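Step one of this worksheet: look at the structure below.
In the text below, chain A, chain B and the rest are named by the order of the sequence lines, each starting its count at 1. Keep in mind that this is a model prediction, so the values were computed, not measured. We use all heavy atoms of the structure for the numbers below, so side chains are in, but hydrogens, waters and symmetry mates are not.
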There are 2 protein chains.
Amino acid sequence: MSAVRALADLSPLPQKAEWLDTILKGDCVAALDKLPEKSVDVIFADPPYNLQLNGDLHRPDQSKVDAVDNDWDQFDSFAAYDAFTRAWLLAARRVLKPNGTIWVIGSYHNIFRVGASMQDLGFWILNDIVWRKTNPMPNFRGRRFQNAHETMIWASRDPNAKSYTFNYDALKASNDDIQMRSDWLFPICTGAERLKNDNGDKLHPTQKPEALIARIMMASTKPGDVVLDPFFGSGTTGAVAKRLGRHFVGIEREQDYIDAANERIAAVVPLEAADLTVLSGKRAEPRVAFVNLLDSGMLKPGATLYDAKKRWAAKVRADGTLAIGDNAGSIHRVGAALQGLESCNGWTFWHYERNGGLTQIDELRRIARLGMERAGA
Amino acid sequence: MSAVRALADLSPLPQKAEWLDTILKGDCVAALDKLPEKSVDVIFADPPYNLQLNGDLHRPDQSKVDAVDNDWDQFDSFAAYDAFTRAWLLAARRVLKPNGTIWVIGSYHNIFRVGASMQDLGFWILNDIVWRKTNPMPNFRGRRFQNAHETMIWASRDPNAKSYTFNYDALKASNDDIQMRSDWLFPICTGAERLKNDNGDKLHPTQKPEALIARIMMASTKPGDVVLDPFFGSGTTGAVAKRLGRHFVGIEREQDYIDAANERIAAVVPLEAADLTVLSGKRAEPRVAFVNLLDSGMLKPGATLYDAKKRWAAKVRADGTLAIGDNAGSIHRVGAALQGLESCNGWTFWHYERNGGLTQIDELRRIARLGMERAGA
DNA sequence: GCATTCGTTGAATCTCATC
DNA sequence: TGATGAGATTCAACGAATG
């Protein structure tokens with residue numbers, strides 16, 4: 001049989017659609033409506049977060065935080081934001097293949113509304129994934145916990161769509177043969193990866209790290225799949241898709257972002273097919289805080305700690321601080337103050353009584369660390 | 001004067017409300033409606049998950065998940081869960097003090113709906129907190145990521161309630177002097193802490209670890225505060241509250257849980273008051289005005305103050321203001337103006353000469369405070 | 001060249017008592 | 001109740017400058 005005949009026997013190769021690997025300019029819903037239905041395998045969406053800021057915020061050193069105050073993040077009310085959300089989700093659902101899945105990222109400002117809308121529209125949540133940031137911005141005024149994570153929702157198109165892509169074994173193999181958890185640790189996007197404008201300032205206020213998108217694609221797409229990003233921004237989704245041998249479609253309103261994204265993606269060199277297997281995520285060294293010893297019951301509030309020579313005795317309080325007379329604070333601050341020093345490593349300075357002798361609390365930290373390592377703390 | 005007369009002169013001690021440190025039996029909303037408005041400092045709520053497949057929202061614990069059921073109507077089911085959620089949230093909001101806060105825990109099944117309802121009802125989200133489990137249940141089918149976390153929403157009663165309790169300094173000190181993040185790591189409740197029934201099976205399917213509740217209480221309550229738990233279950237909230245010197249109110253429908261919780265709480269030994277002292281920061285210190293340093297003679301009118309690098313020299317005036325050239329005003333205003341900043345902490349900016357070196361005037365404030373404490377100010 | 005210091009920055013619903 | 005003013009408040013990463 002000749003090669004020509006063999007080719008003729010095959011069903012025709014799918015013509016690469018014109019819109020593949022391009023950025024569509026315009027409103028997100030209008031652009032989605034132009035795409036054929038059931039045509040993309042995965043959607044990654046990073047919609048506006050509906051941040052509601054009250055005036056300027058300054059760091060303790062008086063420098064001003066460059067906040068997200070762009071037009072595209074202004075909504076009059078929750079109702080307005082919900083209407084916007086439902087409109088783009090509905091349009092996105094139409095273009096998603098029946099066994100496709102969607103990822104949406106957000107913060108506490110918007111993610112609850114987005115998640116509820118997704119459920120209302122018929123999406124079926126498979127997981128919520130927490131992106132833990134290694135280097136989040138601190139809380140400068142000390143009135144809340146440091147906002148150190150964002151949330152992603154991963155959902156199938158329908159409740160009974162069971163044949164979605166999930167590369168379970170590859171993820172597990174890349175994770176030291178432990179199944180991948182729902183909490184991921186990545187740094188925010190900085191350094192050379194962060195696109196800059198002509199002034200040297202960040203081009204886009206919310207550029208996501210490529211490593212985060214790469215894990216998403218390695219988890220939920222196959223090579224050759226089509227990934228749609230309806231809020232394309234600086235084009236991270238396109239850059240990662242090209243590198244990993246996936247097709248992308250981007251939708252973006254602002255020409256500046258489109259130009260920068262096109263340039264960025266053009267510079268990407270795709271990986272060899274053979275290398276498209278494993279990407280390992282960063283694991284942090286486990287950090288144990290003093291309060292964790294109370295959490296785990298290794299130390300009890302009211303317990304007494306001593307320095308090595310039993311010159312000082314301090315009491316452990318329920319809030320995880322140490323107190324000796326008027327002097328109270330962290331194990332480090334109290335140790336430093338007693339010795340009249342600037343600093344002190346409380347872990348090695350303080351001891352607890354065991355078997356009639358003294359043992360460094362650092363020993364307890366070592367034990368606690370063993371328990372945390374499993375979770376990749 | 002007789003003891004009787006003296007007592008009569010005092011304003012009446014607040015009678016301990018009958019419902020304090022008890023469990024109210026019954027439906028959550030009905031019981032909440034019986035409590036006085038604005039009477040609790042913090043609410044911790046662990047509401048039922050949204051079990052659409054059996055339709056019984058109030059008794060999730062005995063349910064079996066039927067994976068294939070074509071009859072259910074997701075819209076009706078979500079709507080029913082939303083109605084339930086809004087009803088208890090609204091009732092809970094009424095009993096919350098204006099500066100109180102609420103914690104709600106959930107998973108991806110229900111937390112998005114709960115969060116959206118909270119925003120709709122006027123609660124103001126302060127943080128979402130991720131409870132990362134050191135030992136979560138694996139995903140057995142390999143079709144999803146291991147569901148390794150739950151989400152808690154922490155919210156104030158109103159958007160502009162700014163005086164809620166947040167023990168920032170204690171949390172930071174307990175965390176090795178680094179501010180506490182929004183992702184917490186704890187083991188799930190197992191072992192001796194887990195309540196068992198007569199068969200040796202777990203008494204309650206979703207018993208939360210005491211360490212998790214303890215961190216919540218240490219973060220957002222003071223000793224003596226009232227903590228309400230409208231889904232009391234096995235009574236973890238009550239046990240932790242008693243141990244940490246807080247009052248609790250529980251609401252629970254099932255007598256088995258009430259009996260077990262009462263027994264459990266009765267066995268709890270409260271910590272000593274001294275061990276419950278919460279470390280507070282500068283904000284809680286008694287205020288010292290700059291002019292007090294003149295009053296007490298620590299500084300004299302005409303004295304010269306410098307910034308750390310002796311770039312500026314300002315003169316202290318008899319009225320407690322500072323002057324340098326045309327620039328006069330409070331230590332803060334003058335410091336800010338010199339640096340061209342919006343604000344400045346004059347206490348740490350200005351220094352005086354001592355032993356040939358420069359010392360912050362904040363040191364004088366510290367000494368002044370010691371004097372005030374002796375005087376019982 | 002290498003170690004150290006200093007400055008910059010990042011999706012942020014970021015004060016509170018007093019008058 | 002709104003305006004005023006005192007004064008409290010940051011972590012990790014990166015890069016440039018300095019020693």
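Comparing D/dT18 with C/dG1, their C1' atoms sit 14 Å apart, to the nearest whole Å. One C1' atom belongs to D/dG15, the other to C/dA11, and the distance between them is 23 Å to the nearest Å. If you take atom C1' in D/dT1 and the same atom in C/dC16, they sit 15 Å apart, rounded to whole Å. When the P atom is compared between C/dC14 and D/dA12, the two are found 22 Å apart, to the nearest whole Å. Across D/dT10 and C/dC6, the matching C1' atoms stand 16 Å from one another, rounded to whole Å.
For D/dA8, the base has a donor-acceptor partner in the side chain of B/Ser343 [N/O atoms by modelled type, under 3.5 angstrom]. On a pure distance criterion of 3.5 Å, a polar donor-acceptor pair joins the side chain of A/Lys208 and the base of C/dA11. For B/Arg365 and D/dG7, a side-chain-to-base donor-acceptor distance below 3.5 Å is absent, hydrogens and geometry of angles not being considered.
A/Pro136 comes within 4.0 angstrom of a nucleotide base, judged by non-hydrogen atoms across all strands.
Among D/dT9, C/dA12, C/dA11, the nucleotide with an atom closest to any side-chain atom of A/Leu51 is C/dA11. Among C/dC14, D/dT9, D/dC11, the nucleotide with an atom closest to any side-chain atom of A/Asn139 is C/dC14. Across D/dA13, D/dT10, C/dA12, the shortest atom-to-atom separation from the side chain of A/Leu57 is found for C/dA12.
In this structure, B/His332 reaches the D/dG7 phosphate: one of its side-chain N or O atoms is under 4.0 Å from OP1 or OP2. Residue A/Arg143 places at least one side-chain N or O closer than 4.0 Å to OP1 or OP2 of C/dC16.
Taking atom NZ of B/Lys172 as the reference point, atom C1' of D/dC11 lies 9 Å away to the nearest angstrom. Rounded to whole angstrom, the span from the CG atom of A/Asp61 across to the C1' atom of C/dG7 amounts to 9 Å.
When side chains are defined from C-beta on, A/Arg141 counts as touching A/Leu57, because their heavy atoms get closer than 4.5 Å.
Taking a 6.0 Å sphere around CG of B/Asp319, one finds it holds more than 12 heavy atoms contributed by other residues, nucleotides or ligands.
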